[in-house]
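One structure is given here, and the rest of the page talks about it.
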Amino acid sequence: MASNEPAINQDFIREIVVGDLESGKHTTVVTRFPPEPNGYLHIGHAKSICLNFGIAAQFGGQCNLRFDDTNPTKEEQEYIDAIEADVRWLGFEWAGLYFASDYFEQMYAWGEKLIGKGKAYVCDCTADEVRERRGTLTEPGRPCPHGHRPASESMDLFRRMRAGEFPDGARTLRAKIDMASGNINMRDPVIYRILHAPHPHAGDKWCLYPMYDYAHPLEDAIEHITHSICTLEFEDHRPFYDWVIDECELPEPHPQQIEFARLNLTYTVMSKRKLLQLVQEGMVSGWDDPRMPTISGLRRRGFTPEAIRDFADRIGVAKRDSMVDVQLLEHCLREDLNRRALRKFAVLRPLKLVVENYPEGQVEEFEVPNNPEDPAAGTRTVPFSRELWIEHDDFRETPPPKYYRLSPGNEVRLRSAYFVRCTSVVKDVAGNVVEVRCAYDPATRGGAALDGRKVQATMHWLSAAHAVPAEVRLYDRLLTRPDPGDVEEGQDWKANINQSSLEVLGGCWVEPSLADAKPEERFQFERLGYFCVDADSVGGKLVFNRTVTLRDTWAKIEQKQKR
RNA sequence: UGGGGAGUCGUCCAACGGCAGGACACGUGGCUCUGGACCACGUUAUUGGGGUUCGAAUCCCUACUCCCCAGCCA
């Protein structure tokens, strides 16, 4: 690494890595991202992905994608495919693609080895009996009656378990450690259980499946993982992790398990269980609903992988439980999109604006910058005519203090076009403003006043005759409270679900250049926010998702005035 | 009341015995053909109590608070 390279990402895990490299414990770095294919990846996984792949890249090592598929009753091929796609979309390429299930034969052999050493035994207890004898947090467990079964008998039984001679739950293989340990994970944990279930990757080959605690350290050892990074709740599994590797007599250097705090985000549920619940109970349209914190949901919403990676860098890595403000994620997104997104005009809640002194039938094309942040993005033309759409919120018959936009008698700029002054309004029988009339100043063509006069507001607009219809979906946070666990007595997290997190706007208009926009393309609709073409845009129908609004100073002023 | 972890601005992360700093958020002002972006300025923190030390967020003792663990889930 060049000496002028900036020191980046110095967290406690990277400090350990540096230490291991300097001490010579390791000469290379191998990490892994080990999802169980029982659900979709979410922003919390993205933190882990960025950490594992990031460390490997930073130290010239490698990172594997490994499916931790030890429980066929919960896993599906659909999830395997989605996880691979999501990791790639985030911008990472794995050194090796592995499946824990491909190691089952080797793991089984090590199981026999443990039996032979007297370090594991076949237990005939029922699940209830195991639980009953395990003790509690404060009381030690009691020895299992099968703990002293001769190794030869356990060996025979273990082989017959594999052969399919026993039904689910009839027997287990247990590590023989210490039923009195203060650490419940060391009270003779089950390491193999019988499951007559087809496996999405291994097929019908097995009816005997290893438990996570037994399988994971072996997977890591097989792949020569140097640093096995996981979340905090596995901290007290570490003694067993080390026990497995030691007792299976795997060669040095052993992988080292290191735990960090998982990501929590305000206004966001993160557990796979809760996300599954949202999907199964129809609270959202699916795993990729744009309100979901899943990678596929964020992608459909319009997030960029760059923004997510930047976010992962900024939140850091530590061991204390924390709750990151979702506004930081939004900030990273806005920063990225502001730099790159092409600007467009769109009117979400249209109000007719008639330019009374503009010739009927006349059309002008105005040149508008595609991205003021990036002159290289060039310009486009937008047609202008006598009848326009403006945003309903850009007109007030009686403007509140500090309202700069259109109101009777007031002059504003129509961006890149003309100054217009409101002359009158047209109302329906109920008294609602249905049309605004104005006069334009031909001397302000292109949006600049030669006499140097100023207007306080610049507004976007669309020629009614040229605008293209679209549907726009506005999203709000899925939860009403920052902490999803913050609920009244007796209620669960679903009490905090925001019932109005989706608003569908049907009568929207967008500029003609958007007519051929394709799914996942992102734009800034000027003054409104960032928007992304939804996959539902088929057959000439345009559907946009609002990714995130622009920062809105006026909204803040208005909020204050209301209070 | 067993075992394992963690306590620094509102939030997240730094500072590894030597001036508590950055980012987000928030506030004020400037600028602007997006009330965007950008720029400037500002408010706010070492859980409490002892000790060691010239000097403690950092080391020691103690108290307190919070999180995780009793799946044949991961």
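These values consider heavy atoms only, across backbone and side chains, with no hydrogens, waters or symmetry-generated copies.
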Ranking B:U11, B:U1, B:G71 by distance to the side chain of A:D325, first place goes to B:U11
Would you mind telling me which residue lines up with the more 5' stretch of RNA chain B, A:G169 or A:V324, judged by nearest nucleotide?
A:V324
With stacking defined as ring centroids separated by under 5.5 Å and planes differing by under 30°, is A:W554 stacked against B:G35?
yes
Report the C-alpha separation of A:E235 and A:K319 in whole Å, then their side-chain angles, then the decisive distance to 0.1 Å, and conclude whether the salt bridge (charged side-chain N to carboxylate O under 4.0 Å, His left out) test is met.
CA-CA 11 Å; A:E235 216 150 14; A:K319 292 197 72 152; 2.5 Å; yes
Below 4.0 angstrom from OP1 or OP2 of B:G2, is there any side-chain N or O of A:R187?
no
I want to verify a distance call: between B:C67, B:C12, B:G5, whose nearest atom is closest to the A:R238 side chain?
B:G5
Counting heavy atoms from C-beta on, name the nucleotide in B:C69, B:A74, B:G35 closest to the side chain of A:R193.
B:A74
Of the listed nucleotides (B:A70, B:U28, B:C13), which one gets closest to any side-chain atom of A:S322?
B:C13
Presence of A:R314 side-chain N/O under 4.0 Å of B:G22 phosphate oxygens OP1/OP2:
no
Does a side-chain N or O from A:K319 land closer than 4.0 Å to OP1 or OP2 of B:C67, or not?
no
Measure from CD on A:Q456 to P on B:U34 and round the result to the nearest Å.
13 Å
Mind checking the C1' distance from B:A25 to B:U43? Whole angstroms is fine.
12 Å
Nearest whole angstrom, please: distance from the P of B:G4 to the CZ of A:F234.
19 Å
Rounding to the closest angstrom, what is the interatomic distance between B:A37 and B:C19 at atom C1'?
35 Å
Want to settle it: does A:N185 or A:V190 sit nearer the 5' end of RNA chain B, counting the closest nucleotide to each?
A:N185
Of the nucleotides B:C13, B:C73, B:G27, which has the atom closest to the A:K560 side chain?
B:G27
For A:N38 and B:A74, what is the distance between atoms CG and P respectively, to the nearest whole Å?
9 Å
B:G71 OP1/OP2 closer than 4.0 Å to side-chain N/O of A:R134
yes
So, does the side chain of A:R405 form a donor-acceptor pair with the base of B:G35 at under 3.5 Å?
yes
Distance between P atoms of B:G5 and B:G21 (Å, rounded)
32 Å
Can you see if the side chain of A:T70 gets near the phosphate of B:A74 - specifically, an N or O under 4.0 Å from OP1 or OP2?
yes
Mind checking if A:M459 touches a base, just sugar-phosphate, or nothing, with heavy atoms under 4.0 Å?
nothing
Test item: side-chain donor near acceptor, A:E219 and A:Y212, under 3.5 Å:
no
Euclidean distance, atom CE of residue A:M323 to atom C1' of B:C67 [Å, nearest integer]:
12 Å
A:E235 has a side chain; which of B:U8, B:A74, B:G4 sits nearest to it?
B:G4
Which dot-bracket notation, 5' to 3', represents the base pairing of RNA chain B when pairs are defined as Watson-Crick or G-U with both distances under 3.5 Å, crossing pairs as [ ], and inter-strand pairs as |?
.((((((..((((....[..)))).(((((.......)))))....(((((..]....))))))))))).....
Protein-nucleotide distance (A:F240, atom CZ; B:G71, atom C1'), rounded to Å:
14 Å
State which of B:G3, B:G2, B:C24 makes the closest approach to the side chain of A:I184.
B:G2
Could you please name the option among B:U34, B:A74, B:C67 that lies closest to any side-chain atom of A:D68?
B:A74
Is a donor from one side chain sitting under 3.5 angstrom from an acceptor on the other, for A:Y403 and A:N410?
no
From the options B:C16, B:U34, B:G2, select the nucleotide whose nearest atom is closest to the side chain of A:L137.
B:G2
When rounded to the nearest Å, what value does the distance between C1' atoms of B:U52 and B:G27 take?
43 Å
Filtered N/O pairs between nucleotides 36-42 of chain B and protein, under 3.5 Å:
residue: B:G36; atom: OP1; partner: A:T553; partner atom: OG1; Å: 2.5
residue: B:G36; atom: N2; partner: A:E373; partner atom: OE2; Å: 3.1
residue: B:A37; atom: OP1; partner: A:R551; partner atom: NH1; Å: 3.2
residue: B:A37; atom: OP2; partner: A:R551; partner atom: NH1; Å: 3.0
residue: B:A37; atom: O2'; partner: A:N338; partner atom: ND2; Å: 3.1
residue: B:A37; atom: O2'; partner: A:E373; partner atom: OE1; Å: 3.2
residue: B:A37; atom: O2'; partner: A:E373; partner atom: OE2; Å: 2.9

Measure from the side-chain N and O atoms of A:Y108 to the backbone N and O of A:R162, and report whether any donor-acceptor pair falls under 3.5 Å.
no
